[in-house]
Amino acid sequence: MPEKDIYFHVGLGKVASTYLQHEFFPKLQSIAYIPTNRYRKVQQILSDSGPGKYLVSREFDRQLEKEVTRFCATYPDAKIIVIFRKHSSWIASQYRRYAKNGFHWGFEKFMDFENDQGHWKQKDLLFYPKLELIERCSTQKPLVLFHDDLKKESWAFLQQIADFTGTSFDQQEVSLDKVHTSYSEKQLKVVQAFCRRFKKQLPRAYHNKVLHWLLYRPWWALFHLVMYAAILIPDQWISQAPLISKEKLDEIDQRYASDWKRVREYAAKLK
């Protein structure tokens, strides 16, 4: 074993990363876990640490390429863990996350498949290039997992991570309950209506912790209060149209079908 045996969980976001970071990774035995809130100082932490086995976790979406390149420039032998979710389900979950945090425009402004002028770009939904980048940056083969498998066969999914990292865990210490509860479409529609009226620009998140708490967190807290209050609003006052139509979701899966097929085939070859 090398002096430092490093495992790097890179996400993606919205694929149960928060659950893994809070409920599973800290329960793995015989490995030092460096959580997401210490990621900014991870290279200093690893540099100051002695020989051993380390698990670093920090989920990425559009930042994956930049962060994997940066991390592997220092630790090229890092073994990467990456989790994918079917394109339509993944981007729908991303849109819901943005809606919860003040994005009040329709889905066509989030993902524009006509002119590619949306908040997210079409290339952001391509998964296979992320695997190609991991291949270029790391000398080690990654562990590629799928979000649906965590829901269908939870213990087998978690065991794959334990096997990959050469660790173990006690099932009695691990809960399979979600860490975060999802908000309903009704709640998201209400907060979007609120933002169209009172907060037309997205609140900016700040890297500086003081500015973040002073300027961003109050908006974040207000949006959550609005969503809780939305429960009291009669259903008939709310549009029954879905946030994203089924036709649009089906179109997304068709558009990215070849990308999904390549990712599944890549993962199968690793077994």
Side-chain angles (χ1 to χ4, degrees), residues 4 6-18 20-21 25 34-47 54-95 97-98 101 103 110-113 115-147 161 164-165 202 204-207 252-253 255-270:
K4 287 187 176 70
I6 299 171
Y7 298 83
F8 187 19
H9 166 246
V10 299
L12 302 175
K14 308 309 294 181
V15 293
S17 293
T18 302
L20 293 172
Q21 291 162 348
F25 290 157
I34 302 174
T36 184
N37 62 357
R38 301 182 69 194
Y39 179 72
R40 277 192 197 172
K41 298 181 179 179
V42 67
Q43 297 209 12
Q44 184 63 49
I45 293 170
L46 290 172
S47 177
Y54 299 88
L55 171 60
V56 179
S57 179
R58 180 67 170 92
E59 74 278 17
F60 303 110
D61 295 317
R62 293 176 290 180
Q63 310 89 357
L64 186 144
E65 289 84 353
K66 174 183 175 182
E67 292 296 332
V68 168
T69 300
R70 185 177 71 87
F71 189 89
C72 288
T74 305
Y75 301 104
D77 296 329
K79 303 176 183 72
I80 291 176
I81 301 169
V82 61
I83 305 169
F84 294 107
R85 182 175 180 175
K86 199 166 186 181
H87 295 79
S88 62
S89 177
W90 187 64
I91 198 60
S93 187
Q94 293 287 5
Y95 178 64
R97 174 169 70 93
Y98 273 74
N101 292 323
F103 191 93
F110 189 71
M111 285 294 308
D112 174 12
F113 288 106
N115 303 305
D116 205 18
Q117 297 299 310
H119 195 70
W120 275 42
K121 305 305 179 188
Q122 294 178 27
K123 65 178 179 61
D124 295 331
L125 261 72
L126 289 171
F127 295 156
Y128 192 74
K130 300 181 191 303
L131 291 176
E132 291 180 312
L133 176 100
I134 289 170
E135 286 268 7
R136 293 195 301 270
C137 292
S138 173
T139 63
Q140 306 295 315
K141 293 292 184 182
L143 174 64
V144 180
L145 299 172
F146 297 95
H147 181 257
I161 297 176
F164 183 72
T165 55
L202 276 174
R204 177 185 169 190
Y206 296 84
H207 291 296
I252 291 169
D253 280 336
R255 182 182 291 267
Y256 291 95
S258 62
D259 183 62
W260 186 243
K261 182 174 181 288
R262 295 181 78 187
V263 171
R264 300 290 307 202
E265 289 175 345
Y266 181 95
K269 290 178 181 177
L270 294 176

message = Assess the residue pair L143 and T165 against the criterion (side-chain contact (heavy atoms from CB on, under 4.5 Å)); give the C-alpha distance rounded to whole Å, side-chain angles, the decisive distance to 0.1 Å, and a yes or no.
response = CA-CA 10 Å; L143 174 64; T165 55; over 6 Å; no

key: Between CD on residue Q44 and OG on residue S47, distance to nearest 0.5 Å   =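 Answer rounded to 0.5 Å: 5.5 Å.
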
task = Measure the CG-CD1 distance between L55 and I81 for me, rounded to the nearest 0.5 Å.
result = 5.5 Å

Under 4.5 Å between any side-chain heavy atoms of [X] and [Y], yes or no?
{"X": "R264", "Y": "Y266", "value": "no"}
{"X": "K66", "Y": "F60", "value": "no"}
{"X": "L131", "Y": "Y128", "value": "yes"}
{"X": "W260", "Y": "D253", "value": "no"}
{"X": "L12", "Y": "I83", "value": "no"}
{"X": "F71", "Y": "V42", "value": "yes"}
{"X": "F103", "Y": "Q94", "value": "no"}
{"X": "K79", "Y": "P142", "value": "no"}

Do the side chain of [X] and the main chain of [Y] share a donor and acceptor less than 3.5 angstrom apart?
{"X": "S88", "Y": "I252", "result": "no"}
{"X": "D116", "Y": "Q122", "result": "yes"}
{"X": "T69", "Y": "E65", "result": "yes"}
{"X": "Q117", "Y": "N115", "result": "yes"}

request  = With side-chain contact (heavy atoms from CB on, under 4.5 Å) as the test, would you mind laying out the steps for R262 and E132 before giving the verdict?
outcome  = CA-CA 11 Å; R262 295 181 78 187; E132 291 180 312; 4.2 Å; yes

task = Tell me, with the steps shown, if H147 and F84 meet ring pair (Phe, Tyr, Trp, His ring centres under 6.0 Å).
result = CA-CA 6 Å; H147 181 257; F84 294 107; over 10 Å; no

message = Is the distance from the ring center of W90 to that of F127 below 6.0 Å?
response = yes

ask   = What do you reckon, are the aromatic ring centroids of Y7 and Y54 less than 6.0 Å apart?
value =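 No: the rings miss the under 6.0 Å criterion.
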
ask   = Just one of V15, L145, I134 clears the side-chain contact (heavy atoms from CB on, under 4.5 Å) bar with V82, so which one?
value =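 Output: one option passes, namely I134.
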
task = Walk me through it: do T36 and T18 pass the test side-chain contact (heavy atoms from CB on, under 4.5 Å)?
result = CA-CA 9 Å; T36 184; T18 302; over 6 Å; no

task = May I ask you to check whether over 12 heavy atoms, not counting those of K121, lie within 6.0 Å of atom NZ?
result = yes

task = State whether the number of non-hydrogen atoms from other residues, nucleotides or ligands found under 6.0 Å of R38 atom CZ is greater than 12.
result = no

request  = Identify the two heavy atoms, one from S93 and one from K14, that lie closest to each other, and give their separation to 0.1 Å.
outcome  =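 Taking every non-hydrogen atom into account, OG-CE, 3.0 Å.
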
inquiry  = Looking at every non-hydrogen atom in both residues, tell me the closest pair between L125 and I91 and how far apart they are.
reply    = CD1-CD1, 3.5 Å

query = Between F25 and H9, how do the two ring planes meet: parallel, tilted or perpendicular, split at 30° and 60°?
reply =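 F25 and H9: perpendicular rings.
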
request  = Tell me, with the steps shown, if Y39 and E59 meet side chain to side chain donor-acceptor pair (under 3.5 Å).
outcome  = CA-CA 10 Å; Y39 179 72; E59 74 278 17; over 6 Å; no

query = Any ion pair linking R58 and E67 (charged N to carboxylate O, less than 4.0 Å)?
reply = no

Note: E265-K261 ion pair, threshold 4.0 Å (strictly below) =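 Result for this pair is yes, salt bridge flagged.
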
request  = Show your reasoning for whether salt bridge (charged side-chain N to carboxylate O under 4.0 Å, His left out) applies to D61 and K130.
outcome  = CA-CA 10 Å; D61 295 317; K130 300 181 191 303; over 6 Å; no

ask   = How far apart are the C-alpha atoms of I80 and C72, what are their side-chain angles, what is the distance that settles it, and do they pass the side-chain contact (heavy atoms from CB on, under 4.5 Å) test?
value = CA-CA 10 Å; I80 291 176; C72 288; 4.0 Å; yes

ask   = Does NZ or CZ of R85 lie under 6.0 Å from the centre of the six-membered ring of F146, at an angle within 45° of the ring axis?
value = no

